[in-house]
Amino acid sequence: MKKIRFVTSEAAPLAKTGGLADVCGTLPLILNQQNYNTSIIMPWYKNLEAKKIDRSIVRLGNEPRYAIYGKTTINGVDVILIKDQQFFNREEYYGTDDGPYPDNDRRFIFFSRAAVQYISKHDSSAVVHAHDWFTGLVPLYLRSRYKRSRFRSVFTIHNLQHQGIFPASSFYLSNLPAYRFSPRWTEFYGNLNLMKAGITAADRLTTVSPTYAEEIQTQQFGEGLEGVIREENKKLTGIINGIDTEIWNSETDPYLEEDEQFSASDISGKKRLKSNLLQEYGLKNGSDLPLIGTVSRLAQQKGIDMLLDMRQELSRLPARWIFLGTGEPELEAGLKQWEREFPDRVRAVIDFDEKLAHRIVAASDIYCMPSRFEPCGLNQLYCAQYGTVPVVHRTGGLADTVADFDESDQNQATGFSFKNLSPENLKKKIEQAVNLYDSKPATWKQLQQNGFERDFSWKKSANQYAKIYDSLVEEMK
Ligand code: ADP
């Protein structure tokens with residue numbers, strides 16, 4: 001059995017703020033159905049239950065700290081949790097409304113180092129798979145301190161926008177030799193950049209879609225690291241995320257009532273579900289109109305502000321809108337404002353609610369996702385499971401997974417996508433979708449069926465990761 005260690009700041013269902021958690025919660029399970037022994041290492045956040053199994057001293061600069069290790073499982077996959085008296089026993093994972101926690105450098109340098117110490121103590125050899133900036137030092141510690149015949153690393157970029165940039169003075173917390181603080185490894189315009197550490201030190205680099213893998217090598221999407229990524233592009237692969245097709249499944253979705261569940265061949269349950277949802281949320285006279293849904297972090301990245309700017313015109317369309325999301329206060333307030341202006345047509349639920357997320361994705365006819373950039377995106381994949389037709393900006397994973405109605409064969413098209421990001425182009429595509437829904441039911445049905453036929457399960461993607469792990473195991477021999 002090949003040993004794989006995931007090191008991550010979140011894994012569903014134990015801790016989740018976004019797609020990173022879905023990937024880290026599901027991929028290990030799929031790998032373990034093959035010839036791998038995969039486990040997860042993550043912080044021991046508040047309220048997580050686990051059995052204490054080990055402890056060690058982890059140095060953070062001059063300061064020795066105690067790491068306590070606990071063990072639990074997610075769907076049969078072992079999870080090692082790392083506790084520190086102060087760092088993780090907090091209400092939030094990364095920060096509050098006032099901003100990121102000011103000691104995030106200490107928290108995640110500590111976590112990365114404690115994870116590597118655990119692995120080196122318990123594994124004679126392993127492939128270590130680290131995720132996003134929180135764990136960017138993991139590949140560098142492995143490379144710096146251990147024989148290459150014991151450990152190799154994979155680093156995955158889930159979102160390049162957040163890089164973990166700290167003042168140069170934070171570098172001493174890592175106890176790495178001074179030469180590692182150079183532009184070759186971790187230095188970024190005089191600061192410490194933990195994402196860069198992962199990118200430069202890992203043996204393989206992946207990101208979550210082929211298009212995003214190309215985009216991050218350009219100035220437009222590279223967030224300043226495009227040059228570094230171009231340097232490393234021989235080790236870079238884009239692998240689209242899979243989805244958990246047991247949970248996101250129109251026939252068995254536990255968040256739908258039995259008579260609201262439906263299949264590709266009989267979608268009458270979808271109509272009942274939509275009608276129930278419209279009623280629950282006070283959206284009037286909408287049964288025959290398309291329901292447009294969005295479930296999202298409310299961040300600049302997601303492009304919701306463009307909808308808000310056009311809300312007067314959009315509200316005139318024969319459609320109903322439902323939003324679920326939390327995030328930036330201006331976007332939350334903007335959606336609430338839109339709801340106040342058009343109370344019969346628009347509902348904005350400011351919350352994080354797994355059940356409602358499922359119900360919106362399943363009930364909607366159209367799903368709107370105008371992200372400025374989107375490394376992979378999950379909701380457009382979920383939509384395909386429910387006959388929900390996405391309208392997206394053609395970027396990153398959205399470009400790889402939604403086939404545009406105008407530009408694809410009618411037997412292939414799954415939604416609507418526009419290339420150049422602008423409010424006008426977005427509006428045109430929404431109008432086109434609303435129009436088609438109304439005027440050409442047979443064509444609409446075809447789009448839904450094309451979606452149902454797509455296979456976004458983890459199997460294909462897991463095989464691509466497996467190939468990478470296998471090549472690293474070969475190199476260690
Ligand atoms: P990102 O990771 O950038 O937030 P993704 O599309 O990759 O975007 O993943 C977002 C995940 O989080 C999806 O599973 C989505 O359904 C979920 N999600 C986002 N906001 C909410 C919310 N308010 N309530 C429930 N689930 C949400």
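The first residue of the sequence shown is numbered 1, and numbering continues consecutively from there. First listed ligand is number 1; within each ligand, the first listed atom is number 1. Everything numeric here is computed off the predicted structure, so don't read it as measured data.
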Short N-O contact, Lys270 and Glu260, less than 4.0 angstrom =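 Here Lys270 does not pair with Glu260 in a salt bridge, since their nearest N and O are not under 4.0 Å apart.
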
Between the side chain of [X] and the main-chain N/O of [Y], is any donor-acceptor distance below 3.5 Å?
{"X": "Asp132", "Y": "Phe134", "answer": "no"}
{"X": "His393", "Y": "Lys419", "answer": "yes"}
{"X": "Arg372", "Y": "Gln300", "answer": "yes"}
{"X": "Arg345", "Y": "Ser315", "answer": "yes"}

If you count only heavy atoms, which residues are under 4.0 Å from ligand 1?
->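 Within the 4.0 Å shell of ligand 1, which is judged on heavy atoms, sit Lys16, Gly18, Gly19, Asp22, Val295, Ser296, Arg297, Lys302, Leu324, Gly325, Asp351, Phe352, Asp353, Ala357, Gly377, Leu378, Asn379, Tyr382.
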
Indicate whether any N or O donor in one side chain lies under 3.5 Å from an N or O acceptor in the other, for Thr156 and Thr206.
->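 Indeed, the side chains of Thr156 and Thr206 share at least one donor-acceptor pair under 3.5 Å.
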
